[in-house]
Amino acid sequence: MKRFLLSALPLVISLLSFSALRAEDGSRLWLPSDTSVFKSLTLRLDNSMPADDGYRINGNVVTARTQQGLLYGRYAWLRGEQGESHPYFSLRILNHWDNLDGSIERGYAGPSIFWAEGVEGFPGGTSTITRYAEACASIGINGSVLNNVNASPKMLTRAYLLKVKTIADLLRPWGIKVYLSVNFGSPKALGATKTADPLDRNVQRWWQRKAQEIYKLIPDFGGFLVKANSEGQPGPFDYGRSHADGANMLADALKPFGGIVMWRSFVYGAKHKGEDRVMQAVSEFAGLDGQFRDNVILQSKNGPLDFQPREPYAPIFDQMKKTTQMAELQITQEYLGQGEHLAYLAPMWKEFFSFVAPSKLKGIAGVANVGLDRNWCGHHFAQANWYAFGRLAWNPALSSEEIAKEWLKQTFFYGEKSSEKTAAEANSSLFTLHSSLLSMMLRSREACVDYMMPLGLHHIFKFDHHMGPEPDGFKADYPIEWCPVYYHKADKWGIGFNRSTHNTEMPGAENGTGATQQYREPYCKLYDSPSTCPEQYLLWFHHLPWTYRMLSGRTLWEELQFRYNRGVGEVEDFVRIWQEARPYIDAQRWQEVDAKLQTHLRDAREWRDVCLKYFGSFAEDSKSK
Ligand code: GCV
């Protein structure tokens, strides 16, 4: 360590001169503090370029077909990009789960930047909205859903729509369209109709008129996002109608104006109550494939359950062959340590794309982690997830490593264009530091899986807030699919959820639910047998004895202990890496991340200790049998 610091000394001095140690509070994000960095650029429009918002960079010349492309190109130039680049997905949208009272569902970075009690004004001023827009545009995000999917009917009242217009006017110069989450029961809830039945003429007229009103205020309005018949939200089932009836009615209202409906497939406990929760989306939607209007997009979470630290991909992406689809990723870390843990999520999203080809998707939505906190995201490293979401939405072929490198340089080691420093760094301690920080980021999601829920365990969080461990969680008055014990099924014989087509030959074990059959080949077959199921999903798909022999030669119980300990060991290493980084990082951000890492380590140990104690009470018991 001492040697490392001594050899780094000259660099510390030069870093000081290019401002890495300038006072920072994280509010700058990855953006330049001063737009004069763009002055040396030549911007050119060129009609012969492909008809999208891509750009070409040649030295200091940025060429694009559209003004928007030139804007994207400027930030790409700043990252050190050269050559031509085009957006992969046409829809690159943030979903804000912001409530109209200013609170944010699953938000860990302070209140909303858009909403507060009372409809007037913005809690952080309009400059916060503009800065947000710049940050989004700098990474290619082109849409923003401004309110929670658990939507208040008030959202569609005149006063709120006028405010949406103001936001739209602020976002438009940055190429960002606004969308709204709508409550399916709105016309009835607002007292305009007696019902919200999608086949009722008055209801249809109400939505058509509402669409007209919105487009008069906001001619480039993007469309609606809908959570229907899910977790208590109203929907077409309330009137004996289908998801297609509901989505198509809204789609028809928006169609004349070019708007879209993003209809969510996150459903359980409504029509297929009692069925394995992870199967219910396919059960509810597969039969409707081909029945949706062409301006309806089915929006599904990456996994079939709910944004767990690791899930197999959601098989609905295999099943809907004639329906336009988009994926919903969660940038806010509801189940990955929230505002406290350092978890870089690009590797998780890349894992999803390795199963669901981006070519199957029209767009990507990311549940935002933005709030009024000074550093926007609560944890300085959580900014990297906002950044990574945008970069992958632009180009899903980018590696997690490339993205993390870009972000680190712009966020912590800025002052020059990224590409210009590479050669000098190659021989330097700064390079060593970059590598350590990079490695910390790249290992962080896997570490989280290990100390929370290795080997395919899932949803063993504390009730409601989803922060700490509660593997013994059970409440008789809660739906069973909210209870951790439903998911791990541990007893003295074994552990895991049998979702295969086989019944387990173990006392008291439940029959397999057959969820494996919702997957396309080869996954359908691979996941169905414990001998071919990847160990990372083992207990997601199988219920196995504690003595089950793992690839490592350890028993299942030994492997669980090994992985929980490995996860904690990783976080201990992150703490060490951050200590070594201290001379190179500005004081405020260093201290704030350090404090978070101390909490992170304490939480990781708690996860390990609570889970091993609980599971151990069965596993050790099984040994004595
Ligand atoms: C917005 C999970 C979350 C809820 C969220 C829901 C959804 O259940 O815990 O907070 O609600 O998913 O995605 O609709």
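Whatever order the structure lists ligands and atoms in, that order sets their numbers, starting from 1. When reading the values below, keep in mind they use all heavy atoms of this one structure, side chains included, and skip hydrogens, waters and symmetry mates.
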From Ser152 atom OG to Asn99 atom CG, the distance as rounded to the nearest 0.5 Å: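 Result: 8.5 Å between the selected atoms.
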Please report whether ligand 1 has a polar contact with Glu105, defined as an N or O pair separated by less than 3.5 Å (distance criterion only).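 In this structure, Glu105 places an N or O atom under 3.5 Å from an N or O of ligand 1.
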**Study point:** Sub-3.5 Å N/O-N/O distance, Tyr268 and ligand 1
**Key:**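 No; every N/O pair is 3.5 Å or more apart.
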Provide, to 0.1 Å, the distance between [atom] and the closest protein heavy atom, together with that atom's residue and name.
atom: atom 14 (O) of ligand 1; result: Lys227 NZ, 2.6 Å
atom: atom 12 (O) of ligand 1; result: Lys301 NZ, 3.0 Å
atom: atom 2 (C) of ligand 1; result: Asp306 OD2, 2.9 Å
atom: atom 8 (O) of ligand 1; result: Glu231 OE2, 2.8 Å

Item checked: Residues Thr166, Phe114; criterion side chain to side chain contact (heavy atoms under 4.5 Å, CB included); working and verdict -> CA-CA 10 Å; Thr166 309; Phe114 301 117; over 6 Å; no
Check your understanding: Does NZ or CZ of Lys475 come closer than 6.0 Å to the centre of the six-membered ring of Phe463, within 45° of the ring's axis?
Key ->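 That pair qualifies as a cation-pi contact.
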What are the atoms of ligand 1, with element, lying closer than 4.0 Å to any heavy atom of [X]?
X: Asn148; result: 1 (C)
X: Glu334; result: 3 (C), 9 (O)
X: Asn150; result: 1 (C), 11 (O)

* Asked: Do His459 and Tyr335 have their ring centres less than 6.0 Å from each other?
  ->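 Judged by ring-centre distance (under 6.0 Å), His459 and Tyr335 do meet the cut-off.
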Check: Which is it for Val149 and ligand 1 at heavy atoms under 4.0 Å: side chain, backbone, both or neither?
Finding: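 Val149 to ligand 1: side-chain contact only, backbone stays beyond 4.0 Å.
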Applying a 4.0 Å heavy-atom criterion (strictly less than), which segment of Trp97 is in contact with ligand 1: side chain, backbone, both, or neither?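 The part of Trp97 near ligand 1 is the side chain, not the backbone.
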Quick one: does Lys255's side chain have a donor or acceptor within less than 3.5 Å of a partner on Leu250's backbone?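 The answer is no, because no donor-acceptor pair under 3.5 Å joins these two groups.
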Open item on the list: Using the side chain to side chain donor-acceptor pair (under 3.5 Å) definition, which of the options Tyr132, Tyr179, Trp174 pairs with Ser144?
Closed with: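 Going through Tyr132, Tyr179, Trp174 one by one, the side chain to side chain donor-acceptor pair (under 3.5 Å) with Ser144 is satisfied by Tyr132 alone.
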Margin query: I'd like to know whether NZ of Lys462 has more than 12 heavy-atom contacts from other residues, nucleotides or ligands below 6.0 angstrom.
Written below: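 Atom NZ in Lys462 is packed in, count exceeds 12.
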Please output the side-chain donor-acceptor pairs of residues 602-614 that fall under 3.5 Å, not counting sequence neighbours, one pair per line with the distance.
| residue | atom | partner | partner atom | Å |
| --- | --- | --- | --- | --- |
| Asp603 | OD2 | His341 | NE2 | 2.8 |
| Arg605 | NH2 | Glu572 | OE2 | 3.0 |
| Arg608 | NH1 | Asn565 | OD1 | 3.1 |

